[in-house]
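Values below: all heavy atoms of this structure, side chains included; hydrogens, waters and symmetry mates excluded. So you know, we letter chains A, B, ... as the sequences are listed, proteins then strands, and number each from 1.
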Amino acid sequence: MKLATWNVNSLNVRLPHVLKWLQENPVDVLCIQETKLTDDKFPLAAIQEAGYHVVFSGQKTYNGVAILSKHAIEDVVVNNPHYEDVQQRILAATIAGMRIVCAYVPNGQAVGTDKYEYKLGWLKSFRDWLEAEAAIHPNLAVLGDYNIAPDDRDVHDPAAWADQVLCSVPERTALQALFSLGLCDSFRLFEQADKTFSWWDYRMLGFQKNKGLRIDHILLSAPLAKRCVSCVVDRAPRKWEQPSDHAPVVATLGD
DNA sequence: ATGGCTTTTAAAAAAAGA
């Protein structure tokens, strides 16, 4: 069982990449963020032709999430029921005996801005909702773009990023609060190469110089973590022409 | 020190991302 997450930065532009990647990596579940498509524009037929069920929740220009699955998708929930949000950032569904949450955590723009406060408030409510989800669903996987680098190992230049958005203490504390629900960062269950990142700035040859951050994560509840045998970042699509600035992250679970 | 790119909206320039 393979679970993946990928911020595609416009599914309109990246659909060919998604289809190509799925052909090469036929994962069971792929959570997508930043579709930037209203639901009437969602490329449903192309994804179904690729052999995937799909649910999606989008909006114009910004945000938008989708869950693609080789298995039936049931009990779909759009957004955090305890947080009113016009921004489409969360989908939850039951797939193959697992509760799958696809999340696009707000970026936060810069420490001290309104968007940063929105991010922290959003994360607080997200935590409270996930606590309830975890109580109901022992097999819980929360995949997405968290827009938080868990610690300095996940940052190409920790000094430059210190206390900046994506790395600030309140954000990291909010992420730890998710871990404290019993959800573990599956990437850190395994030996990993130093300077493994999931996002690189388009500017300044960020990818070529590996100036990146690890901000896309797959969090697993204990029963799923026990089954997890690997978690890797697939850098390959970041090298394709006109790539997303994020790379997919893939967790593999045994039986 | 700054911005350096990409996408969207919408018709030139600006916001947003991270």
[X] has an atom [atom1]; how far is it from atom [atom2] of [N], in whole Å?
X	N	atom1	atom2	value
A:Leu37	B:dT9	CG	C1'	14 Å
A:Tyr202	B:dA18	OH	C1'	11 Å
A:Gln164	B:dG17	CD	P	16 Å
A:Gln59	B:dG17	CD	C1'	14 Å
A:Tyr62	B:dA16	OH	C1'	5 Å
A:Glu34	B:dA15	CD	C1'	13 Å
A:Gln88	B:dT8	CD	C1'	18 Å
A:Asp245	B:dG4	CG	P	16 Å

With [atom1] as the reference atom in both, quote the distance from [N] to [M] in angstrom, rounded to an integer.
N	M	atom1	answer
B:dT7	B:dT2	P	26 Å
B:dA1	B:dA16	P	27 Å
B:dT6	B:dA10	P	22 Å
B:dG4	B:dA13	P	15 Å
B:dA14	B:dA18	P	22 Å

Applying a 4.0 Å non-hydrogen cut-off, can you work out what [X] is touching in the nucleic acid: base, sugar-phosphate, or nothing?
X	result
A:Tyr104	sugar-phosphate
A:Leu205	nothing
A:Asp145	sugar-phosphate
A:Val13	sugar-phosphate

[N] OP1/OP2 closer than 4.0 Å to side-chain N/O of [X]:
X	N	value
A:Arg14	B:dT7	yes
A:Ser10	B:dT7	no
A:Gln242	B:dT7	yes
A:Tyr146	B:dA18	no
A:Lys60	B:dT8	no
A:Asn7	B:dG17	no
A:Asn107	B:dA18	yes
A:Asn147	B:dA18	yes
A:His246	B:dA18	yes

- With no angle test and no hydrogens, is the base of B:dA18 tied to the side chain of A:Asp201 by a donor-acceptor pair under 3.5 Å?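 Result: no qualifying N/O pair found.
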Salt-bridge test for [X] and [Y]: reply yes if a basic N is under 4.0 Å from a carboxylate O, no otherwise.
X	Y	result
A:Asp152	A:Arg172	yes
A:Asp185	A:Arg214	yes
A:Lys195	A:Asp154	no

- Query: Mapping A:Asn63 and A:Arg203 to their closest nucleotides on DNA chain B, which lands nearer the 5' end?
  - Reply: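 Counting from the 5' end, the first nearest nucleotide belongs to A:Arg203.
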- Task: Name the residue closer to the 5' end of DNA chain B, choosing between A:Gln109 and A:Lys36 according to the nucleotide with the nearest heavy atom.
- Result: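 Here A:Lys36 is the residue nearer the 5' end.
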- Looking only at heavy atoms, what is the nearest atom pair of A:Ile73 and A:Ala93, with distance?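 That would be CG2-CB, 3.6 Å.
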- Message: I need the minimum non-hydrogen distance between A:Glu171 and A:Val165, along with the two atoms involved.
- Response: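 That closest heavy-atom pairing would be OE1-CA, 3.4 Å.
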- Query: Should the ring pair A:Trp199 and A:His246 be called parallel, tilted or perpendicular, given that the plane angle runs from 0 to 90° and is split at 30 and 60?
  - Reply: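 Ring orientation of A:Trp199 relative to A:His246: tilted.
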- Message: Can you tell me which nucleotide in B:dA18, B:dG17, B:dT9 comes closest to the side chain of A:Thr61?
- Response: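 Selected nucleotide (nearest to the side chain): B:dT9.
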- Query: Taking atom types as modelled, is there a side-chain donor on A:Asn210 or A:His156 under 3.5 Å from an acceptor on the other?
  - Reply: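 Their side chains do not contain a donor-acceptor pair, so the 3.5 Å distance test is not met.
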- Under 3.5 Å on both distances, the Watson-Crick or G-U partner of B:dG17: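 B:dC5 - that is the nucleotide pairing with B:dG17, both distances being under 3.5 Å.
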